[in-house]
**Student:** 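Please find one structure pasted underneath; my questions will follow.
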Number of protein chains: 2
Amino acid sequence: MSVEHSLDLLWGNGKRPSRGPKPTLTVPQIARAAIEIADAEGLDAVSMQRVAGELGYTTMSLYRYVPSKDQLVDVMLDIVLGEPPAIDHAGAWRAGVQTWVREVWGIYRRHAWLLRLPVSQAPVGPNRAAWFECALRVLSGIGLREDEMVSLSLFVDGATRELARSTADRRQASTSFATMLQRSADAERFPTLTGLLDSGVFDNADDTPDDLAPNFDFGLQRLLDGIEVYVQARREA
Amino acid sequence: MSVEHSLDLLWGNGKRPSRGPKPTLTVPQIARAAIEIADAEGLDAVSMQRVAGELGYTTMSLYRYVPSKDQLVDVMLDIVLGEPPAIDHAGAWRAGVQTWVREVWGIYRRHAWLLRLPVSQAPVGPNRAAWFECALRVLSGIGLREDEMVSLSLFVDGATRELARSTADRRQASTSFATMLQRSADAERFPTLTGLLDSGVFDNADDTPDDLAPNFDFGLQRLLDGIEVYVQARREA
DNA sequence: CTAAAACTGTGTATCAAATACACGAAAATA
DNA sequence: TATTTTCGTGTATTTGATACACAGTTTTAG
């Protein structure tokens, strides 16, 4: 299975063969070259040819290191995530979650192509595991059951990802979200939408450069409120 | 811009030219054929050749209707969403949101390929607008500001989408999430994760056939709690 | 009513990108 | 030193999107 192979790649289970010439490249090196291309010109610009070219090798040489392009992308994902920060979660779980989210948001911001990857189907590499671990640690010890911690981690992660995506897309879209809707909406069919459009809510929302989109932050705060309530209720029970 | 053209396609701004033979196909018809293929065999099976073949036409004939495959996919998206249900939101916003989510979840369930689309960058078609409208309507009148309603709609939509995705992926993955982690995790590096693994939290979670994944539902409930708290606080202020 | 115009469906051709395969050079081992 | 194994490479195949030009069809101008 390719998953197996990807895992080897990701977790470095490589036994160096004793014979033959030594490899001059490494998988991380290749992945890093690919990441640079993706950062600069988007994921579509990342072809095996291009990556190899950037490294000064031929296309096919890469296949000595990576069994397929998809697997290379898996590696790119894990490498670009990097190590999660050490979040000091002493009691301050709410701040902890926010830090976590902000960090992830920043990564998405710096590497917009990440948002195009089918992350959830990619095999889990060391860094992704570490980020997950980090989230769980932040949430642990505040009175949630284990499965609840997992649920919330996934929920926060998912919301962050998808909101980052829609924010980025709206940012890059030549036609803004508002314009797009404006053009389409007719008042009878979409009264609420039309009302909002007229009120200007959609105009240049999310222009925040590095911070969380206000759109996202509001939802996140409500979620955190909800967790607080739940934890409290549980404690009292 | 292709966005413009897509919008025409989606909203049916087509002025039939007066000259020449009449077209025998229609864009929705083509899209529906493509959807059937995607449902049955996944998005990768949808090639222009295949779609045309299914309709009994040649590959190039499709280009008389659709300027590119990407635009066809945009149309597929809007068509497969269909019309949102009429949610009776008389006061029961919480139930309303849950209904909305459940419906969307069902669509994702029936058309897993939807989760692979870069939805947020696709132009908004009539049905997508209607779903958005529907969500806004459910949230309106409960004491939120307009921009807050928008934020929450996006947040819920995003979380639903990404959680549906990860649930689907885990479902279809031959190697389950647990196994994958099990293989990778080492106890020193990922203590919390390892602990959870041992506790069996990951084993056959989310086997729910049609309902929301419990994983997702928990997060959603917390979010709804949070909204409730917020609305209440606002009312009192 | 006829010719020009515009559009339809089609066949052929191009282009890009992944990747299978086989080769010669290099390194380790017997 | 002969053999084995692996490396980097060149070539070839495949798949899919899509440009382009052609022939038949339907309108409308004149």
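Proteins come first, then strands; the chains are lettered A, B, ... in the order of their sequence lines, and each starts at number 1.
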**Student:** Which comes earlier along DNA chain C counting from the 5' end, the contact point of B:L25 or that of A:D70, where each point is its nearest nucleotide?
**Tutor:** B:L25

**Student:** Given atom CD1 of A:I30 and atom C1' of D:dC7, what is their separation to the nearest angstrom?
**Tutor:** 12 Å

**Student:** Counting side-chain heavy atoms from CB outward, which of D:dG8, C:dT8, D:dT11 is closest to B:Y65?
**Tutor:** C:dT8

**Student:** Rounded to the Å, how far apart are B:L62 CG and D:dA19 C1'?
**Tutor:** 15 Å

**Student:** If the threshold is 4.0 Å, N to carboxylate O, is there a salt bridge linking B:R116 and B:D169?
**Tutor:** yes

**Student:** Rounded to the nearest Å, what distance is computed from the OH atom of residue B:Y57 to the C1' atom of nucleotide D:dT18?
**Tutor:** 21 Å

**Student:** I want to check one thing: is the phosphate of D:dT9, taken as OP1 and OP2, less than 4.0 Å away from some side-chain N or O of A:T58?
**Tutor:** yes

**Student:** Are the side chain of A:W11 and the backbone N or O of A:V124 linked by a donor-acceptor pair below 3.5 Å?
**Tutor:** yes

**Student:** What heavy-atom pair brings B:T58 and B:A52 nearest, and what distance separates the two atoms?
**Tutor:** O-CB, 3.3 Å

**Student:** Identify whether any heavy atom of B:S68 sits under 4.0 Å from a base atom; if not, whether one sits that close to sugar-phosphate; answer base, sugar-phosphate or nothing.
**Tutor:** sugar-phosphate

**Student:** CG/B:L62 to CG/B:L25 distance, rounded to the nearest 0.5 angstrom?
**Tutor:** 7.5 Å

**Student:** Measure up the B:W131 and B:W100 rings against each other and bin them: parallel (under 30°), tilted (30 to 60°), perpendicular (over 60°).
**Tutor:** perpendicular

**Student:** Identify whether any heavy atom of B:T24 sits under 4.0 Å from a base atom; if not, whether one sits that close to sugar-phosphate; answer base, sugar-phosphate or nothing.
**Tutor:** sugar-phosphate

**Student:** What is the distance, rounded to the nearest whole Å, between atom CE of A:M60 and atom C1' of C:dC21?
**Tutor:** 8 Å

**Student:** Could you tell me whether A:E54 and A:R50 make a salt bridge, using a distance below 4.0 angstrom between a side-chain N and a carboxylate O?
**Tutor:** yes

**Student:** What's the shortest heavy-atom distance between B:L193 and A:E133, and which atoms?
**Tutor:** N-OE1, 2.8 Å

**Student:** Going 5' to 3' along nucleotides 22-30 of chain C, which nucleotides have protein heavy atoms under 4.0 Å from the base (write B), which only from the sugar-phosphate (write S), and which from neither (write -)?
**Tutor:** B---BBSS-

**Student:** I'd like to know if the side chain of A:N127 reaches the main chain of A:D78, judged simply by a donor and an acceptor atom lying under 3.5 Å from each other, with no hydrogens or angles considered.
**Tutor:** yes

**Student:** Within the 3.5 Å criterion, strictly below it, is a donor on B:T24 or B:Y57 matched to an acceptor on the partner's side chain?
**Tutor:** yes

**Student:** Within this structure, what is the CG-to-P distance between A:L72 and C:dT19, rounded to whole angstrom?
**Tutor:** 10 Å

**Student:** Can you sort out which residues in residues 43-52 of chain A have a heavy atom within less than 4.0 Å of DNA chain D? Ascending by number, please.
**Tutor:** none

**Student:** Counting only side-chain nitrogens and oxygens, does A:Y63 get under 4.0 Å of the OP1 or OP2 atom of C:dC21?
**Tutor:** no

